[in-house]
Amino acid sequence: MLDIRRIRQDPEEVERLLAKKHVVVDLNQVNILDQRRRDVLGEIERFKAERNKSSELVAAKKKRGEDATEIIEKTRIVGEQIKQLEASLAPLDEELRLFLLTVPNTPLPEVPDGVSADDNVEIHRVGLVPQFHFEPLPHWDLGERLGIFDFERARKITGARFTVLKGMGAQLSRALINYMLDHARARNYLEVAPPYMVNYDSMVGTGQFPKFMDDAFGVTPHNYFLIPTAEVPLTNLHRGEILSADLLPIRYTAYTASFRAEAGAAGRDTRGLIRQHQFDKVELVRIVEPGDSAHAMEEMLRDAETILEELEIPYRTVLLCGADMGFGQAKTYDIEVWMPSYGRYVEISSVSNMTDFQARRAEIRYRPKGAKKTELVHTLNGSALAVGRTMAALVENYQTMSGHVRIPDVLKSYMSGVEEI
RNA sequence: GGAGGGGUAGCGUAAUUGGUAACGCAGCGGUCUUGAAAACCGCCGCCCUAAAGGCUUGCAGGUUCGAGUCCUGUCCCCUCCGCCA
């Protein structure tokens, strides 16, 4: 959520920034609404001040045993006017709130212009793309042959875009999760095991709701929602809290399953592990003072990249252009792994600075040392990494001529010494 | 799911028959001190550029001139019962 004061002060500037994300909003309308709301509110407060004064007078008179019926009658009429004005304020409040909840975050100045993912700016490439002396198989074919992925039966027991992992497949997934969690823990993230379902307010807090309800799986009839990423429970841990400054910065990591309806992705990436309704992910979240978020973001990027370097899987990092960025992000790096079956790099992690966008929605504040007033924190998140896509990349990049998959050195201790699947 | 009890500032507590939310601890700033402690003074929920003012007793309503207090709904916590991995 953007600060209404910012929209009030310089709507053209905010509109200009949002245009970079290719979002068009009429903030003039918002300001008209905001002005009306504040006018009504001011009127209500004047009436309330009058009522408070009169009520005190009633109390004083009654205490002295005097008659107060005249003042009571007068005050009753003031009360009715308050009630009427409040009834006209409620829809204004609601309209303004709903509107503000659907305005995206503004991008930071260094975010490049662009109209599509093709305009993302490559930061660097690491690792050599493997050259095969045989026809490499896509991970879905190889995985089925090896008996570690079972897409057919997943379709039977649940539906499309689900996978059953078996034997070494299940073991490899668990090994990756443990390795990634240890990697995060070594970098001072506190390991958390949160619920996989959250309530409506949490989904609003991180920015999924109310705009993107179609992308979520709801748990009916309980009004809970399956998390699309651990970012939701982790960031909402501190919803509605005022943190003491010495608690910051906060670093959390969590392994969870993630659930996405993938509305609008029909027909895309239908094969393999790339786009699933349920996938495993190790997530990183940081909560920092506003001045620290830019630096924290660079560190988080390294926290994710070093995993691929240790796994020895080739990747590249891109800085997303305005058009390719998400709703709440002020700046985003994507890490993409080399995927032989796609013949290109495929997103495996997204590291984002949300600035104060989520903090304002979720009301996460802190009190700077020595300051009287509270301030909003900055929140950041990043995948480290998406487990399914990592496994797909690993299977494809590490496949051998004989149709097996070598286990990267760093994972061997997590695979009870297994060298090859 | 049923019955009973409870929810007040970071923590712990208070508030006559309904009369407009108080105190302690912790924290922050200051005085004093070589420094610290102690003591003393101020701040110590939120909104508003500020003041005036308004809001705030889990949340949402209702009754009333006025609600922490009375009524209705709802969420959460505790105890017991039931069910259950």
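Lettering of chains follows the sequences in order, A, B, ..., and the numbering in each one begins at 1.
Nucleic acid contact for A:Arg5: sugar-phosphate only, since backbone atoms but no base atoms lie under 4.0 Å from a heavy atom of the residue. Heavy atoms of A:Lys61 sit nowhere under 4.0 angstrom from any nucleic acid atom. Across all strands shown, A:Glu73 has no heavy atoms under 4.0 Å from either base or sugar-phosphate atoms. Within 4.0 Å of A:Ser55, counting heavy atoms only, lies at least one base atom of the nucleic acid.
OP1 and OP2 of B:C75 both lie 4.0 Å or more from every side-chain N or O belonging to A:Asn223.
Residues A:Lys48 and A:Arg365 each lie close to RNA chain B; by heavy-atom proximity, the contact nearer the 5' end of the strand is made by A:Arg365.
Of the possible polar contacts, none joining the A:Ser202 side chain to the A:Val198 backbone as a donor-acceptor pair under 3.5 Å is found.
Checking B:C65, B:C76, B:C46 against every side-chain atom of A:Thr75, the shortest atom distance belongs to B:C65. Comparing B:U49, B:G54, B:G19 by their nearest atom to the side chain of A:Arg8 picks out B:U49. Side-chain proximity of A:Tyr224 to the nucleotides B:C76, B:C55, B:G53 is greatest for B:C76.
Under the Watson-Crick or G-U wobble criterion, with both distances below 3.5 Å, B:C23 is paired with B:G12.
Classification of the A:Phe259-A:Tyr196 ring pair by plane angle, with boundaries at 30° and 60°, yields tilted. In this structure, A:Tyr200 and A:Phe209 have tilted ring planes: the angle between them lies in the 30° to 60° band. A:Tyr252 and A:His238 have parallel rings, their planes meeting at less than 30° on a 0 to 90° scale where 60° marks the start of perpendicular.
Of the P atoms belonging to B:A50 and B:A14, the separation is 36 Å, rounded to the nearest Å. B:C43 and B:C25 have their P atoms separated by 16 Å, given to the nearest Å.
Rounded to an integer number of Å, the gap from A:Asn199 CG to B:C59 C1' is 13 Å. The nearest whole Å value for the distance from the CD1 atom in A:Ile72 to the P atom in B:U63 is 17 Å.
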